[in-house]
Amino acid sequence: LMFCNHGCNGTYNFGRATGFTEANVDLKEPPESIVRKPRAFKPVTERNIRQYLVDEGTTNRAMERGEELLCDYLRYVGSAQHWKEDIASLRGQCDGSEVGDITSYETR
């Protein structure tokens, strides 16, 4: 079991580096290497898409003891239809103008 915060502007240390960040991706068109177009509808895949999109569970650089794991949340978008909204939210979280889901839930 693991929890990962988002590494803003490419500072993530967990998962495969893609060269894309929330700051440099196109809001209109997600890179196919991040949000793959489905070939056929598969209920099992649809229910578990975010797990499939997550990397195999390795760091992309040497880690110091006690260092926080930071993930690339672009990999969690999973759907082209939510791309613009999700990237805009990540940009807001990274520039401090909005909070993420967990902080929002905890401060209700």
Side-chain angles (χ1 to χ4, degrees):
L1 183 62
M2 176 189 77
F3 180 81
C4 247
N5 281 315
H6 176 62
C8 291
N9 202 22
T11 60
Y12 57 93
N13 53 28
F14 187 83
R16 181 176 50 88
T18 63
F20 296 108
T21 72
E22 74 287 334
N24 71 13
V25 292
D26 184 353
L27 278 178
K28 296 176 185 163
E29 187 66 36
E32 193 170 325
S33 63
I34 295 175
V35 177
R36 294 172 187 92
K37 295 182 176 149
R39 295 185 183 167
F41 178 75
K42 296 179 183 175
V44 172
T45 302
E46 187 66 24
R47 285 190 296 269
N48 298 290
I49 189 70
R50 283 172 176 73
Q51 285 179 306
Y52 294 136
L53 292 173
V54 177
D55 293 299
E56 61 279 346
T58 59
T59 60
N60 58 31
R61 63 174 175 78
M63 302 285 296
E64 297 292 326
R65 184 179 196 165
E67 187 175 353
E68 180 180 15
L69 290 174
L70 299 173
C71 295
D72 178 12
Y73 278 16
L74 295 181
R75 307 284 298 173
Y76 292 105
V77 174
S79 167
Q81 72 189 58
H82 298 122
W83 179 257
K84 185 175 182 176
E85 175 186 346
D86 289 348
I87 298 306
S89 176
L90 280 176
R91 287 178 178 176
Q93 291 171 52
C94 289
D95 71 17
S97 64
E98 65 179 88
V99 297
D101 293 339
I102 292 174
T103 301
S104 177
Y105 176 78
E106 290 177 339
T107 58
R108 286 184 198 180

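These numbers come from the heavy atoms of this one structure, side chains and all, not from hydrogens, waters or symmetry mates.
- Residue Tyr105 is found outside any hydrophobic cluster, as its side-chain heavy atoms come under 4.5 Å of no other Ile, Leu, Val, Met, Phe, Trp or Tyr.
- Heavy-atom contacts from other residues, nucleotides or ligands closer than 6.0 Å to CG of Asp101 number 12 or fewer.
- Side-chain contact between Val25 and Pro31 is present, with heavy atoms from C-beta onward closer than 4.5 Å.
- Using a distance-only test at 3.5 Å, with no hydrogens or angles considered, no donor-acceptor pair links the side chain of Asp72 to the main chain of Arg16.
- The hydrophobic cluster containing Leu90 does not contain Val99, counting ILVMFWY residues as joined when their side-chain heavy atoms lie under 4.5 angstrom apart, directly or transitively.
- Of the inter-residue distances, the one linking Glu68 atom CD with Thr11 atom OG1 reads 9.5 Å to the nearest 0.5 angstrom.
- Of all the heavy atoms in Tyr12 and Phe20, the pair that sits closest is OH-O, 4.2 Å.
- In this view, Thr21 satisfies the side-chain hydrogen bond (donor to acceptor under 3.5 Å, both in side chains) rule with no residue, not counting sequence neighbours.
- Taking the side-chain hydrogen bond (donor to acceptor under 3.5 Å, both in side chains) definition, one finds that Asp26 meets it with nothing, sequence neighbours left out.
- The two residues Ile87 and Glu22 have their closest heavy-atom pair at CG2-O, 3.7 Å.
- More than 12 heavy atoms of other residues, nucleotides or ligands shown are found within 6.0 angstrom of CD on Glu67.
- With a 4.5 Å cut-off on side-chain heavy atoms, Thr103 and Gln93 do not count as touching.
- Scanning for side-chain hydrogen bond (donor to acceptor under 3.5 Å, both in side chains) contacts around Ser97 gives Asp95, with sequence neighbours left out.
- Listed for the Asn5 side chain is no donor-acceptor partner under 3.5 Å among the backbone atoms of Leu70.
- Under the rule for a ring-ring contact (aromatic ring centres under 6.0 Å, His included), the partners of Tyr73 that lie at least two apart in sequence or sit in another chain are His6, Tyr76.
- Closest non-hydrogen pair, Leu69 versus Phe14, comes out as CD2-CD1, 4.1 Å.
- For Glu106, there are no salt bridge (Lys or Arg N to Asp or Glu O under 4.0 Å) partners at least two apart in sequence or on another chain.
- Atom CG of Leu27 and atom CD of Glu85 lie 11.5 Å apart (nearest 0.5 Å).
- Ser89 places a side-chain heavy atom less than 4.5 Å from the side chain of Glu98.
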